[in-house]
Peer 1: 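Quick one: structure below, then a few questions.
If you read the sequence from its start, that first residue is 1, and numbering goes on from there.
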Amino acid sequence: MSTPTAPTGAVDPGNAIPNLGRRRILLIIGALMLGMLLAALDQTIVSTALPTIVGDLQGGSHIAWVVTSYLLATTVSTPLWGKLGDQYGRKGLFQAAIVIFLGGSALCGLSRNMTELIVFRALQGLGGGGLIVLAQAIVGDVVPPRERGRYQGAFGAVFGV
């Protein structure tokens, strides 16, 4: 006699993890990794283009703030995103973080001077902080504890790429 199985998407009350199929979990993990790749890539990619950017915007004295504003905003916003994710749900906030990040990216591209670029990089960092912390938290929501290490290792590899 077999025990009935919960339908896909149902929550097992023992560990409060949805019983998702492997294919769906891989799709979710892939999307989360792409979001983290955006944030991780943006932490370093500006360094490559910085000499050209500074030359175009004539802001050599503020060059350090272009990178620092992003990293500072990411660091400050990370715990806030985590707390909000616990209170209001992670999926909607992850989507909001993507929108904030991409809006900041577009505004960075439209910057006419270094001050605008620094402010828009900070806005981008606010979204980046959400991308990083919420992606990690969502993995905890959809992957059973026994398998989390494997997926977290893949997330670590994103930063290496």
Side-chain angles (χ1 to χ4, degrees), residues 17-18 20 23-143 145 147-161:
I17 296 174
L20 301 173
R23 186 174 187 191
R24 183 145 170 100
I25 288 175
L26 290 176
L27 179 66
I28 293 168
I29 296 298
L32 294 174
M33 287 175 70
L34 285 174
M36 285 220 11
L37 179 64
L38 281 173
L41 189 62
D42 211 66
Q43 288 178 358
T44 57
I45 196 140
V46 171
S47 299
T48 309
L50 209 49
T52 305
I53 293 169
V54 169
D56 288 348
L57 299 178
Q58 292 96 27
S61 62
H62 301 352
I63 191 169
W65 278 105
V66 174
V67 175
T68 304
S69 64
Y70 179 87
L71 294 175
L72 189 61
T74 300
T75 304
V76 168
S77 68
T78 296
L80 298 174
W81 283 107
K83 180 66 173 174
L84 291 173
D86 290 342
Q87 289 182 337
Y88 300 109
R90 294 177 181 91
K91 181 181 177 183
L93 284 173
F94 187 74
Q95 293 169 339
I98 291 172
V99 169
I100 292 168
F101 181 84
L102 293 177
S105 297
L107 290 170
C108 284
L110 298 172
S111 298
R112 294 174 304 218
N113 58 48
M114 286 298 283
T115 304
E116 286 182 3
L117 180 61
I118 291 166
V119 170
F120 296 149
R121 285 280 294 164
L123 178 65
Q124 202 177 27
L126 292 175
L131 291 175
I132 293 170
V133 73
L134 291 171
Q136 298 288 334
I138 291 170
V139 169
D141 290 343
V142 299
V143 177
E147 298 177 24
R148 281 186 201 150
R150 182 176 353 148
Y151 292 104
Q152 295 292 354
F155 277 87
V158 167
F159 281 93
V161 169

Peer 1: Keeping R121 on the side-chain end and V67 on the backbone end, is there a donor-acceptor pair under 3.5 Å?
Peer 2: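 No, because the side chain of R121 does not come within donor-acceptor range (under 3.5 Å) of the backbone of V67.
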
Peer 1: Should L32 and F155 count as side-chain neighbours, where that means a heavy-atom distance under 4.5 Å?
Peer 2: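 Touching, per the 4.5 Å side-chain cut-off.
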
Peer 1: Rounded at 0.5 Å granularity, tell me how far OH in Y88 sits from NZ in K83.
Peer 2: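 Going from OH on Y88 over to NZ on K83, the span is 9.5 Å.
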
Peer 1: Could you report the tightest heavy-atom contact between F101 and G128, atom names first, then the distance?
Peer 2: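 So the two residues come closest at CD1-N, 3.8 Å.
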
Peer 1: Just by distance, do the side chain of S69 and the backbone of I118 share a donor-acceptor pair under 3.5 Å?
Peer 2: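 Yes, the answer is positive, given that a donor and an acceptor are paired below the 3.5 Å cut-off.
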
Peer 1: Under 4.5 Å between any side-chain heavy atoms of W65 and V119, yes or no?
Peer 2: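 Heavy-atom side-chain distance check fails, nothing below 4.5 Å.
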
Peer 1: What's the shortest heavy-atom distance between L93 and W81, and which atoms?
Peer 2: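 Minimum heavy-atom separation between L93 and W81: O-CZ3, 3.5 Å.
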
Peer 1: Mind listing the closest non-hydrogen atom pair of A137 and R90 along with its distance?
Peer 2: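 That closest heavy-atom pairing would be CB-NE, 3.1 Å.
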
Peer 1: Return the minimal non-hydrogen interatomic distance between I25 and Y151, and the atom names on each side.
Peer 2: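 Minimum heavy-atom separation between I25 and Y151: CG2-OH, 3.9 Å.
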
Peer 1: Considering all heavy atoms of both residues, which atom of M36 and which atom of L131 are nearest to each other, and what is their separation?
Peer 2: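 Looking at all heavy atoms of both residues, the shortest contact is CG-O, 4.0 Å.
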
Peer 1: Any donor-acceptor pair under 3.5 Å linking the side chain of E147 with the backbone of V143?
Peer 2: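 No: the side chain of E147 does not pair with the backbone of V143.
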
Peer 1: Got a second to check how far I138's CD1 is from I28's CD1, nearest 0.5 Å?
Peer 2: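 One gets 8.5 Å once the value is rounded to the nearest 0.5 Å.
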
Peer 1: Could you tell me the separation between the OG1 atom of T78 and the CG atom of L134, rounded to the nearest 0.5 Å?
Peer 2: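 The distance works out to 9.0 Å.
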
Peer 1: Ignoring hydrogens, what is the shortest heavy-atom contact between S105 and Q124? Give both atom names and the distance.
Peer 2: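 In this case the closest contact between S105 and Q124 is OG-NE2, 2.6 Å.
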
Peer 1: Using a 4.5 Å cut-off on heavy atoms from C-beta on, say whether the side chain of V66 contacts that of M114.
Peer 2: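 Answer yes - side chains close enough.
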
Peer 1: Among L126, L72, I100, find the residue that satisfies the side-chain contact (heavy atoms from CB on, under 4.5 Å) test when tested with S77.
Peer 2: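 Exactly one option meets the side-chain contact (heavy atoms from CB on, under 4.5 Å) with S77, and it is L126.
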
